[in-house]
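Read the structure below first, then the notes.
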Number of protein chains: 2
Amino acid sequence: MSHVRVALVDDEPLIRSGLAAVIGAEPDLVVVGEAGDGADVPDLVARTSPDVVLMDVRMPRVDGIAATRALVRAGSSARVLVLTTFSNDDHVVQALAAGADGFLLKRSTPEEVVHGIRTVARGESLLFPEAVRELARRHLLTTGAGVATELARLTSRERDVLRLMATGRSNPEIAAELVVGLETVRTHVASVLAKTGTRDRTQAVVLAYRSGFVTG
Amino acid sequence: MSHVRVALVDDEPLIRSGLAAVIGAEPDLVVVGEAGDGADVPDLVARTSPDVVLMDVRMPRVDGIAATRALVRAGSSARVLVLTTFSNDDHVVQALAAGADGFLLKRSTPEEVVHGIRTVARGESLLFPEAVRELARRHLLTTGAGVATELARLTSRERDVLRLMATGRSNPEIAAELVVGLETVRTHVASVLAKTGTRDRTQAVVLAYRSGFVTG
DNA sequence: CGCCGGCTCCCCCGCGCGGGGGAGCTGTGC
DNA sequence: GCACAGCTCCCCCGCGCGGGGGAGCCGGCG
């Protein structure tokens, strides 16, 4: 193969610009497409057939985990390299389960970024040293590793609801956002509370932040 | 003057690369220096005498607010443009008090960034539309009270209550914890909501996490 | 085919929460 | 002396939230 084709998915234009600048400077790498949300990933990949997708975790509508899952489910051959600001285990576990091939922290240097891209393009998986180290540290601190598994048990709709809860939305607001009935939202909220072992929405939101399910 | 001299201060290399790429593409702008922490700002400014400093808020050792304050106190003529991920008025108020000349959200487009740089370079101040809008939205919820207040104006007791709210405690639990009556806690909670412009405890807790008042 | 999990919507019920008042007590500052 | 801010506690009131059930629809799986 001549060039490694790279697609960028991040909601922050500045990050995309930075990645494009870094990647464009490498003779063996080429940026073939960009998207600002996970919802646009299937179309982007279909259009540009990238070898590697650099995927942000936190995005407004569809996050990188879900987008990765969608890619894998669609049988795409594109390798997914997940970009994350913080290396917390919830993201790592979820993304690995979703089928990601590696991790990069956003505070990585340009050298680390291009190295990571070449690594996953070769078919190897990449868990960036720093991410692994922080992952281990966190696991020692968290009590019994319950949280990640609890949150992992949530259905995709329940995750949607929890994400919106974590922005301070009320049940009626969430219902409007997701275009479903209020009763449906109440059901999902009840499921989230039951599965996470929390008593009310505030505790669920606290768990979401502390576990890194959402980033503050 | 020929070129607007710009210095970049951000702990994330990718953001710096992105900004450098965006700014370098403009004929009237030139990047004269970079730093990865607020602690290096005084030296950077002394060496490169920039017209505009693009300053991240959250940095590992010395944050952008403190670095801005240091610059102003040192009598620097450099204009400071603060970069923030979330437009919460706590950062806005603090940075304005410290002497910043404007704000940019990290999710800004390259066009918005270069426009912001030129604006503050002309000596005008810049409160980016989106930041202002979110700020205004928050303040519409508060009754009366003129200027931006937020977390900085909370009394020490109100901070205690907010900290406990941010652990998922209910009002009765907070009352037991602080050894005061339930009604007292309700009063403090009401004050916190009023001063932060939030509607319910969940929104207040979200604000506490996103602003870094508590750490997740 | 039937079973089951996920998503959707519906009912009733109790209670904690938040909004709106008021009030007494301290310590500080003019 | 007085004013004021902060902490404490009290009242009433409306409503959103959470708990407890049930039900229909769909797709996947054995």
Side-chain angles (χ1 to χ4, degrees), chain A residues 62 65-66 69-70 72-75 97-98 150-208, chain B residues 138-147 149-208:
Chain A
V62 175
I65 312 282
R69 200 176 293 117
V72 171
R73 202 148 44 194
E150 284 168 5
L151 288 176
R153 251 201 293 266
L154 296 181
T155 68
S156 71
R157 208 49 166 170
E158 287 158 0
R159 282 172 224 255
D160 292 341
V161 170
L162 178 54
R163 260 186 286 274
L164 290 171
M165 287 165 68
T167 68
R169 304 279 211 290
S170 67
N171 285 342
E173 287 171 345
I174 295 175
E177 196 98 8
L178 297 180
V179 200
V180 296
L182 174 58
E183 292 304 322
T184 303
V185 174
R186 295 167 72 86
T187 303
H188 289 318
V189 170
S191 295
V192 169
L193 298 187
K195 288 185 179 178
T196 57
T198 48
R199 180 182 53 199
D200 52 48
R201 67 200 300 107
T202 306
Q203 286 194 350
V205 168
V206 168
L207 185 73
Chain B
R138 282 185 180 283
H139 277 295
L140 286 181
L141 299 176
T142 55
T143 56
V147 207
T149 44
E150 288 291 301
L151 299 175
R153 272 186 57 183
L154 295 182
T155 68
S156 72
R157 207 52 164 169
E158 287 158 1
R159 281 174 223 257
D160 292 340
V161 171
L162 178 53
R163 261 186 283 272
L164 290 171
M165 287 166 68
T167 67
R169 304 280 209 292
S170 67
N171 286 342
E173 287 170 346
I174 295 175
E177 195 98 7
L178 296 181
V179 200
V180 295
L182 174 59
E183 292 304 322
T184 302
V185 174
R186 295 166 69 86
T187 303
H188 289 318
V189 170
S191 295
V192 169
L193 299 186
K195 288 185 179 178
T196 58
T198 48
R199 181 181 53 199
D200 51 49
R201 66 201 299 109
T202 306
Q203 286 194 348
V205 168
V206 169
L207 185 72

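Each chain gets a letter, A, B and so on, in the order its sequence line appears, and its residues count up from 1.
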Axis-to-axis angle for the helix from C:dC1-D:dG30 to C:dC30-D:dG1, ends of five pairs each, to 10°, equals 40°
Spacing of [X] atom [atom1] relative to [N] atom [atom2], expressed in whole Å:
| X | N | atom1 | atom2 | answer |
| --- | --- | --- | --- | --- |
| B:Asp160 | D:dT8 | CG | C1' | 14 Å |
| B:Arg186 | D:dC12 | CZ | P | 12 Å |
| A:Leu193 | D:dG20 | CG | C1' | 14 Å |
| A:Lys195 | D:dG18 | NZ | C1' | 17 Å |
| A:Glu183 | D:dC17 | CD | P | 11 Å |
| B:Glu158 | D:dC7 | CD | P | 6 Å |
| A:Arg157 | C:dC7 | CZ | C1' | 8 Å |

Sugar-phosphate, base or nothing in reach of A:Leu182, heavy atoms under 4.0 Å: nothing
Quick check on [N]: is either OP1 or OP2 less than 4.0 Å from any side-chain nitrogen or oxygen of [X]?
| X | N | value |
| --- | --- | --- |
| B:Thr202 | D:dG16 | no |
| B:Arg201 | C:dG18 | yes |
| A:Thr184 | C:dC9 | yes |
| B:Asn171 | C:dG16 | no |
| B:His188 | D:dC9 | no |

For B:Asp200 and for B:Thr187, locate the closest nucleotide of DNA chain C by heavy-atom distance; then report the residue assigned to the nucleotide nearer the 5' terminus. B:Asp200
Salt-bridge test for B:Glu173 and A:Arg199: reply yes if a basic N is under 4.0 Å from a carboxylate O, no otherwise. yes
Could you give the distance from CG (B:Leu164) to OG (B:Ser170), rounded to the nearest 0.5 Å? 10.5 Å
May I ask you to decide if A:Ala194's main-chain N or O and A:Thr198's side chain share a donor-acceptor pair within less than 3.5 Å? no
I'd like to know if the side chain of A:Arg169 pairs up with that of A:Thr167 as donor and acceptor (distance under 3.5 Å, no hydrogens or angles considered). yes
